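Input: a single structure, listed below in structure tokens.
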Amino acid sequence: MTSEQWWVGFGLFGQALFTGRFIVQWVSSERQKKSVIPVAFWYLSISGATVLLSYAVYRQDPVFIIGQSTGFVIYFRNLQLLSRASRRSEEEAEVVTLPMVRTETRSTAEQPSRRAA
């Protein structure tokens, strides 16, 4: 296998990872019967973009390099937002709410009388 063939195979692998994210998103949406973007989508985006960016650098293609590198900001930001939302959900789940304690009050007629000594 030549170096060129290896790089083409590597680039095709990156494209398969990148395409896989849409398959994961589609299957997840079909299962939930609504449009969803699972966490795996973002990890596949990062993986695919990393491989494709490496391939673009090897090819010295500035258009491809710019196109793949700008996506990283979006992918990592979405993972950060998901992580924050997950932590908030866990914190909210840890909050224990106690049932309200009802204190009964006696009417003045039921209260023991106080006599001044």
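Values in this document were obtained by computation on a predicted structure and should not be read as measured data.
In the hydrophobic cluster analysis, where Ile, Leu, Val, Met, Phe, Trp and Tyr join through side-chain heavy atoms closer than 4.5 angstrom, V57 is grouped together with V51. V27 and V24 are not part of a single hydrophobic cluster, where members link through side-chain heavy atoms under 4.5 Å apart. At a threshold of 4.5 Å between side-chain heavy atoms, the hydrophobic network of Ile, Leu, Val, Met, Phe, Trp and Tyr places L81 and Y75 in two separate groups.
When the side chain to side chain contact (heavy atoms under 4.5 Å, CB included) test is applied to S29, the partners found at least two apart in sequence or on another chain are Q25, S35, V36. With sequence neighbours excluded, the residues satisfying side-chain hydrogen bond (donor to acceptor under 3.5 Å, both in side chains) with S83 are R87. In this structure, the side chain to side chain contact (heavy atoms under 4.5 Å, CB included) partners of L12, at least two apart in sequence or on a different chain, are V8. Partners of E30 according to the side chain to side chain contact (heavy atoms under 4.5 Å, CB included) rule, which considers only residues two or more places apart in sequence or in another chain, are W26. By the ring pair (Phe, Tyr, Trp, His ring centres under 6.0 Å) test, Y58 is found to be paired with W7, residues two or more places apart in sequence or in another chain being considered.
Evaluation of the salt bridge (Lys or Arg N to Asp or Glu O under 4.0 Å) test over residues 32-53, restricted to residues two or more places apart or in two chains, returns none. Pairs passing the salt bridge (Lys or Arg N to Asp or Glu O under 4.0 Å) check and including a residue from residues 66-86, sequence neighbours excluded, do not occur. Every pair passing salt bridge (Lys or Arg N to Asp or Glu O under 4.0 Å) that includes a residue from residues 43-69 is listed here, sequence neighbours excluded: E4-R59. Identified under the salt bridge (Lys or Arg N to Asp or Glu O under 4.0 Å) test for residues 36-50, with sequence neighbours left out: none.
V73 belongs to no multi-residue hydrophobic cluster, having no ILVMFWY side-chain contact under 4.5 Å with any other such residue.
Distance check: L79 CG to S86 OG gives 11.5 Å after rounding to the nearest 0.5 Å.
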Mind listing the side-chain donor-acceptor pairs of residues 37-49 below 3.5 Å, one per line with the distance, residues two or more places apart or on another chain?
from : atom 1 : to  : atom 2 : distance (Å)
S45  : OG     : R21 : NH1    : 2.8
S45  : OG     : F41 : O      : 2.8
S47  : OG     : Y43 : O      : 2.9

Check: residues 62-70 side-chain donor-acceptor pairs under 3.5 Å, at least two apart:
from : atom 1 : to  : atom 2 : distance (Å)
S69  : OG     : I65 : O      : 2.9
S69  : OG     : I66 : O      : 3.3
T70  : OG1    : I66 : O      : 3.1
T70  : OG1    : G67 : O      : 3.3

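Annotation: F13, atom CZ; neighbour count of heavy atoms from other residues, nucleotides and ligands within 6.0 Å does not exceed 12. Crowding of Q60 atom CD: a count of heavy atoms from other residues, nucleotides or ligands under 6.0 Å not exceeding 12.
Here the shortest heavy-atom pairing between F10 and S54 reads CE2-CB, 3.7 Å.
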